[in-house]
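Got a structure for you, written out below as structure tokens; questions coming shortly.
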2 protein chains.
Amino acid sequence: MAQPGRPRSEQARRTILAAAAKLVARNGYGELTMEGIATEAGVSKQTIYRWWSTKAEVVLEAVNEGAAEMAAVPDSGSLADDLRLFLRRTVDATTPVNRRLLASLMAAAQLDDQFAKSFRTGFLASRRRELRGMLARAQERGEIAASVDLDQLVEVVYALLWYRILVQHGPLDRRFGRQVADSVLRLSRAA
Amino acid sequence: MAQPGRPRSEQARRTILAAAAKLVARNGYGELTMEGIATEAGVSKQTIYRWWSTKAEVVLEAVNEGAAEMAAVPDSGSLADDLRLFLRRTVDATTPVNRRLLASLMAAAQLDDQFAKSFRTGFLASRRRELRGMLARAQERGEIAASVDLDQLVEVVYALLWYRILVQHGPLDRRFGRQVADSVLRLSRAA
DNA sequence: AATATAACAGGACGGGCCGTCCCGTAATAT
DNA sequence: ATATTACGGGACGGCCCGTCCTGTTATATT
């Protein structure tokens, strides 16, 4: 079947991701260290380095793990309904802990060019694709004029979400989600 | 006149800020160290720590220093002209080096809560105030309906700018500046 | 059952940078 | 002349880095 030798411990993997998330939530990404994760998880440092090369990659996998039930893109046949529901789910999923984890990833991307590339082409791009698909369906239905640039609309959504995540000058609540949805809907109707 | 004792060396101050900017431009904020700044500037570590407590503060002052000629907010009497000129000046000022410095500050704010507070209430808030003043004048002239929330418009501008600075999935050029201006102008006209 | 293989926990290692301290010297006000 | 403060240079213990080694454990193959 698989390779010979002792198989990877799934429990160790989960414990490490949970420890990283817990430590970021408690002390912030700036205080996070590989040694701290190992100690918190009751694991050897070698076990972490065997599967991840930086703490940013550990946190990224922890985020992806916790985002299994991530906001599925709705498809009701109405752009307004879909957009509002998508943003409601998104802001609901962005708990204070998740907000801090996401902010950590964006910070790590500014400190490490290699991680930045995987973060952009992986995590960020896949989210953009999902939203763009929703808008493309609306455009095919005629709810958005063919002249409107869908990428610009996607950009407005994620720019507003990330700005709020990073700057924190206001709450990431349902009211904010409605404001974002309404702004994008207005832009989708304009020439 | 002033206190007794040797006065602070203005030359050392400038040299330190220049060294920090140079090192960030060369190797990125993640590689920046206090010792590296001291060595590059030909200065004692103590001289840096006497005036700044973290490398983030050094970089922040370097940015503020280089942004003395920062985009002054225009006031021509036309919202469209003012907004387009403001964004043209802003993207022109955001050279690759400045982009990297700004991204470093946003990253540092995610790593250090204390710096985050000063960054938000100082640097970021003052930029928002300037732009908001421009929009408020337009609203008084009747170019923007009284029902429009100016803070939301300001947020769209800086969210789009920062998203592009941080994610770098497209160029920060004049074309992008025009797109941002046009989006905000459309939102300012919508109900 | 014996053997090869690979992950595991634990710990040791040199190295880099941290932040602080001390020194002798230089530049200013009194 | 004296007090005061900044300066360059360098030394210090401490934390975390990333790697390596050891002995043990869990699997596949023979």
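A, B, ... follow the sequence lines: proteins, then strands. Residue 1 opens every chain.
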Q | Stepwise salt bridge (charged side-chain N to carboxylate O under 4.0 Å, His left out) check, B/Arg14 with B/Glu65 | A | CA-CA 9 Å; B/Arg14 292 187 182 278; B/Glu65 198 82 352; 3.4 Å; yes

Worksheet item: Any Lys/Arg nitrogen of B/Asp113 or A/Arg100 sitting under 4.0 Å from an Asp/Glu carboxylate oxygen of the other?
Response: yes

Assign each of A/Glu10 and B/Lys55 the nucleotide of DNA chain C bearing its closest heavy atom; nearer the 5' end lies the nucleotide of A/Glu10

5'-most contact on DNA chain D (nearest-nucleotide basis), B/Pro4 vs A/Gly5, goes to B/Pro4

task: Taking only the side-chain nitrogens and oxygens of A/Trp51, find out if one of them lies under 4.0 Å from OP1 or OP2 of C/dA6.
output: no

| Do we get A/Arg127 above A/Tyr158's six-membered ring, with its NZ or CZ under 6.0 Å from the centre and within 45° of the axis? | no

Side-chain donor/acceptor contact of B/Gln46 with base of C/dC21 under 3.5 Å = yes

> Are more than 12 heavy atoms from other residues, nucleotides or ligands located less than 6.0 Å from atom CD of A/Glu10?
Replying inline: yes

The correct set of residues in residues 19-36 of chain A placing a heavy atom under 4.0 Å from DNA chain C is none

Is there a path of hydrophobic side-chain contacts, each under 4.5 Å between heavy atoms of I/L/V/M/F/W/Y residues, joining B/Leu111 to A/Leu23?
yes

Discussion item. Does a side-chain N or O of A/Arg50 approach OP1 or OP2 of C/dC8 to a distance below 4.0 Å, or not?
Written reply: yes

Verdict with supporting geometry, A/Glu31 and A/Arg26, salt bridge (charged side-chain N to carboxylate O under 4.0 Å, His left out): CA-CA 9 Å; A/Glu31 303 290 318; A/Arg26 185 194 300 162; over 6 Å; no

Taken to the nearest whole Å, CZ/A/Arg6 to P/D/dA26 is 6 Å

Under a 4.0 Å heavy-atom cutoff, the residues of residues 37-45 of chain B touching DNA chain D are B/Gly42, B/Val43, B/Ser44

From OH of B/Tyr49 across to P of C/dC17 the rounded distance in Å is 12 Å

Whole-Å distance, B/Ile48 CD1 to C/dT20 P, equals 13 Å

Q) Does B/Arg8 count as lying over the ring of B/Trp51, i.e. NZ or CZ under 6.0 Å from the six-ring centre, within 45 degrees of the axis? A) yes

One should read off an interatomic distance between A/Met106 CE and A/Phe123 CZ, to the nearest 0.5 angstrom, of 9.0 Å

The side chain to side chain contact (heavy atoms under 4.5 Å, CB included) partners of B/Ala103 (sequence neighbours excluded) come to A/Gln110, B/Arg99, B/Ile165, B/Leu166

